[in-house]
2 protein chains.
Amino acid sequence: MKLTSKGRYAVMALVDLARFDNINPVSLRDISLRQGISLDYLEQIFSKLKKNEIVKSIRGTQGGYVLNKNPNEIKLTNIFHAVDEKVKTVQCKKESKKGCNGKATKCITHNLWDELEIHINTFFENKSLKDLLNNNKETRV
Amino acid sequence: MKLTSKGRYAVMALVDLARFDNINPVSLRDISLRQGISLDYLEQIFSKLKKNEIVKSIRGTQGGYVLNKNPNEIKLTNIFHAVDEKVKTVQCKKESKKGCNGKATKCITHNLWDELEIHINTFFENKSLKDLLNNNKETRV
DNA sequence: AATAAACTTGACCATTTTAGTCGGGTATGT
DNA sequence: ACATACCCGACTAAAATGGTCAAGTTTATT
Ligand code: FES
Ligand code: FES
């Protein structure tokens, strides 16, 4: 049960972006340096964020990315969905009529994992980028 | 963000066990057949459950496993902990003074992932094996 | 017009994790 | 004796992860 770097980085990068994009487009190079994330990897991530209309790109010198929506309209759900960081607790195909291991019945714990999935997704649906902007400066340890 | 089979199987197997161990010890072979889980894999899992005093073993013919505690005392947390299915949302070492990527500060999303981890763990702490016994027969699809 | 910054695309890859398998044991009820 | 069932450690194929690399295109600036 772990979060992958792709999802973590996507959120990190967007928080960074949201802080600075009022002034100018923010280049991935800057985000890379500030957050310590590989530039090449960021490009992959932003390509997906763009396809999902979470950010807009501006090409050329002085270009970069800007948010495509208000920070309070961007939920973690949206971000995670964009970069394919999905919550998957059940083993069976969700829409299939079959259970785990190709059995005809749903397994005895299926309902439990469904509950868990909802529980987690609720968290993501209730958090927007805006929530992360306040009171979340880097905290010295 | 996904649940691994080890954790899923551990819970599945224990629910199965809890249903039948009032009468006789339950053999892994039976669980394997009923739940469609590889016997060899179950042995690995039960070895850990035993070390963590969640189940007791009885060797020899007619042997098997029985619960070592009341179903309402066995939380999902305990089960997951036993089989090393841990919830890990942050990238940094939890107790280290360093953040992600060896930086001296905690990253801007660290608090968020901490919150998430707590959110998920709360779910596991509030569910016991007993909760899963009622109303959780295999449901025909 | 030349240059350099920055986005775009797609292929490639090493490492780690997962989900097992396999081959030997040892204990014990019948 | 013998079959059942637990016990233990090593091994491994396949998938996922977390990137890197190469070769573009676009556009602001000089
Ligand atoms: S998780 Fe859906 S049937 Fe097992
Ligand atoms: S998650 Fe802890 S510092 Fe990034």
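Lettering follows sequence order; numbering is per chain, from 1.
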*Asks:* Between A:T122, A:N126, A:I120, which is the residue that forms a side chain to side chain contact (heavy atoms under 4.5 Å, CB included) with A:F124?
*Replies:* A:I120
*Asks:* Between A:R59 (CZ) and D:dT29 (C1'), how many Å, whole number?
*Replies:* 17 Å
*Asks:* Tell me if a side-chain donor or acceptor on B:R29 pairs with a main-chain N or O of B:L39 at a distance below 3.5 Å.
*Replies:* no
*Asks:* B:K51 has an atom NZ; how far is it from atom C1' of D:dG9, in whole Å?
*Replies:* 11 Å
*Asks:* To the closest 0.5 Å, what do you measure between CG (B:L14) and CD1 (A:I108)?
*Replies:* 9.5 Å
*Asks:* For the side chain of A:Y41, starting at C-beta, report the closest nucleotide among D:dT20, D:dA10, D:dT26.
*Replies:* D:dT20
*Asks:* Can a donor-acceptor pair be found, under 3.5 Å and without considering hydrogens, that links the side chain of B:E43 to the backbone of B:D40?
*Replies:* no
*Asks:* So, the side chain of B:S32 versus the backbone of B:I37: is there a donor-acceptor pair under 3.5 Å, distance only?
*Replies:* yes
*Asks:* Using the side-chain hydrogen bond (donor to acceptor under 3.5 Å, both in side chains) rule, take B:N68 and B:E53 through it: C-alpha gap first, then chi angles, then the decisive distance, then the call.
*Replies:* CA-CA 6 Å; B:N68 198 17; B:E53 295 172 351; 5.4 Å; no
*Asks:* In whole angstrom, what separates B:L28's CG from D:dC6's P?
*Replies:* 4 Å
*Asks:* With a non-hydrogen cut-off below 4.0 angstrom, is B:S27 in contact with a base, only sugar-phosphate, or nothing?
*Replies:* sugar-phosphate
*Asks:* Rounded to whole angstrom units, what separation is found between the CG atom of B:D30 and the P atom of D:dT4?
*Replies:* 12 Å
*Asks:* For B:L39 and D:dC8, what is the distance between atoms CG and P respectively, to the nearest whole Å?
*Replies:* 15 Å
*Asks:* Establish, with yes or no, whether the OP1 or OP2 oxygen of D:dT27 is under 4.0 angstrom from a side-chain nitrogen or oxygen of A:T61.
*Replies:* no
*Asks:* Taking the nucleotide of DNA chain D with the closest heavy atom to each, which residue, A:L3 or A:E43, is nearer the 5' end?
*Replies:* A:L3
*Asks:* Quick check on D:dC7: is either OP1 or OP2 less than 4.0 Å from any side-chain nitrogen or oxygen of B:K50?
*Replies:* yes
*Asks:* Heavy atoms from C-beta onward define the side chain here; which of D:dT20, D:dC7, D:dA16 lies closest to that of B:K2?
*Replies:* D:dA16
*Asks:* Using a heavy-atom cut-off of 4.0 Å across all strands, would you classify B:V55 as base, sugar-phosphate, or nothing?
*Replies:* nothing
*Asks:* Quick one: B:K56 NZ to D:dC7 P, roughly how many Å, whole number?
*Replies:* 13 Å
*Asks:* Just to be sure I understand the rule, does A:Y65 reach a base, reach only the sugar-phosphate, or reach nothing, if contact means heavy atoms closer than 4.0 Å?
*Replies:* sugar-phosphate
*Asks:* Report whether A:Y41 and A:Y65 are members of the same hydrophobic cluster (ILVMFWY, side-chain heavy atoms less than 4.5 Å apart, transitive linking).
*Replies:* yes
*Asks:* When the nearest nucleotide of DNA chain C is assigned to B:G60 and to A:Q62 on a heavy-atom basis, which residue is associated with the more 5' position?
*Replies:* A:Q62
*Asks:* Regarding B:F46, tell me which of base, sugar-phosphate or nothing describes its non-hydrogen contacts under 4.0 Å with the strands shown.
*Replies:* nothing
*Asks:* Can you tell me how far NZ of A:K2 sits from CE of B:M1, rounded to the nearest 0.5 angstrom?
*Replies:* 10.5 Å
*Asks:* Does any N or O donor sit under 3.5 Å from an N or O acceptor when you compare the side chain of A:Q44 with the base of D:dT20?
*Replies:* yes
*Asks:* For B:I31 and D:dA5, give me the distance from atom CD1 to atom C1', rounded to whole Å.
*Replies:* 12 Å
*Asks:* Report the residue (A:M1 or A:D40) whose heavy-atom-nearest nucleotide on DNA chain C is the more 5′ of the two.
*Replies:* A:D40
*Asks:* Check every strand shown and say whether A:T4 touches a base, only sugar-phosphate, or nothing at a heavy-atom separation below 4.0 Å.
*Replies:* sugar-phosphate
*Asks:* Reading DNA chain C in the 5' to 3' direction, which nucleotide is the first one with an atom under 4.0 Å from a heavy atom of chain A, and which is the last?
*Replies:* C:dA4 to C:dT18
*Asks:* Within this structure, what is the CG-to-P distance between B:N24 and D:dT4, rounded to whole angstrom?
*Replies:* 16 Å
*Asks:* Would you mind telling me which of D:dT25, D:dA5, D:dT27 lies closest to the side-chain atoms of B:R29?
*Replies:* D:dA5
